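As a basis for the values below, the full set of heavy atoms in this structure was taken, side chains included, without hydrogen atoms, waters or symmetry mates. Quick caveat, the model's predicted, so the values are computed rather than measured. Lettering follows sequence order; numbering is per chain, from 1.
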Amino acid sequence: MNSATPAAILVAEDDAQHALLIRAALKAAGLVNPILVFDEGGQALAYLEGEGIYAERRLYPLPVMGLFDLHLTDMSGLDVMRGMREQRGLGHVPAVVLTASEDPVDIDRAFTAGANSYLIKPVGFEALLEVVRNLGLYWVLTGDVTPEQL
Amino acid sequence: MDSYLPKPFHAGLSAAPSRRVGGGSAAANHPAPAGDQSKESPPAVLDPRYVAELCSLGEGSGIDLMSELAQVFARDTPVRLDHLKNALHQGDASLLRAVAHTLKGTASGVGATKATAVCARLEAAAGDGDMESAGVLVAEAEDELGRVGGALESLAFAPRVVS
């Protein structure tokens, strides 16, 4: 792992319990990246767009992965995900949609909007790890496992 | 690669070898304080396997997960119960259904099997516009979620023994 600030993992989740479980699962998976949790979509978008204090990217690094609750208090997580994708250099950042819904309509909407993956909450460690592996991110995020070892 | 993981993952939370909580592996099944083991065990408020997995996840992540979950639950659940009761009193079935859905997720996230089921029934009743049944279920949800809070608090402050 190099000494530079590792890329961040952005989590847009307004349920504190679910955010806590996600943070624990990511940490338990060995991910060393900063985990930025936003409980409002507007805050997450401000971060992604580098507004105000977030302009200092050394302190507020751009995400290498985004996890988005489908139903945030102030907006849809899909809108935040789209906002991320519209940012320069973030068009291909993997996006995972989180929701308690198993409604096929919601799932279809998420994939249509460009989600790479879709997780039903509460999110467990194994499920999250599987997604990280499927997205080819494990070695990037942990810095100590090569793709061949996956 | 796109992927879709189609159901809640109550199993497979574990990230590290399990550890005993509250002086024994069965303690996770006890909502009563850890020292009170002479009485007959009450029905499980929290799924002991799920709690064990949460403890393992906490250990693997370096987060005092049970304590943090107990704090979040104690902070957020009373507010949501107030929303639930307000929705009932206002006859707002749509809001009642939405809050019940949120509480179902809250209960599920800590392995509160019965509370999850009660909230699911409430969500369904509200969805059907059956406010009479919903009224009964709101009271039941409040009682059960109260027990869940007590169980989480007991676990959060129980002595922990590393296996």
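- Contacts from residues 75-95 of chain B to chain A, taken as heavy-atom pairs separated by less than 4.5 Å, involve Arg75(B), Asp76(B), Arg80(B) in sequence order.
- Taking hydrophobic clusters as Ile, Leu, Val, Met, Phe, Trp and Tyr residues chained together by side-chain heavy-atom distances below 4.5 Å, Ile53(A) shares a cluster with Leu45(A).
- In terms of hydrophobic clustering, with Ile, Leu, Val, Met, Phe, Trp and Tyr side chains grouped at heavy-atom distances under 4.5 Å, Leu90(A) and Leu59(A) are assigned to a common cluster.
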Step-by-step side-chain contact (heavy atoms from CB on, under 4.5 Å) determination, Asp15(A) to Val72(B) = CA-CA 9 Å; Asp15(A) 186 303; Val72(B) 169; 5.5 Å; no
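- With a 4.5 angstrom heavy-atom cutoff, Leu69(B) touches chain A via backbone and side-chain atoms both.
- In Glu40(A), the CD atom is crowded: over 12 heavy atoms of neighbouring residues, nucleotides or ligands sit closer than 6.0 Å.
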Please test His71(A) against His101(B) for side-chain contact (heavy atoms from CB on, under 4.5 Å), starting from the C-alpha separation and ending with a verdict.
-> CA-CA 12 Å; His71(A) 300 293; His101(B) 179 79; over 6 Å; no
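- Of all the heavy atoms in Ala24(A) and Ser61(B), the pair that sits closest is O-CB, 3.2 Å.
- Residue Leu57(B) comes nearest to Ala25(A) through the heavy atom pair CD1-CA, 3.9 Å, listed as atom of the first residue, atom of the second, then distance.
- By the 6.0 Å contact criterion, CD on Glu56(A) is enclosed, its count of non-hydrogen atoms from other residues, nucleotides or ligands being greater than 12.
- Note that the OG1 atom of Thr102(B) and the CD atom of Gln17(A) stand 11.0 Å from one another [nearest 0.5 Å].
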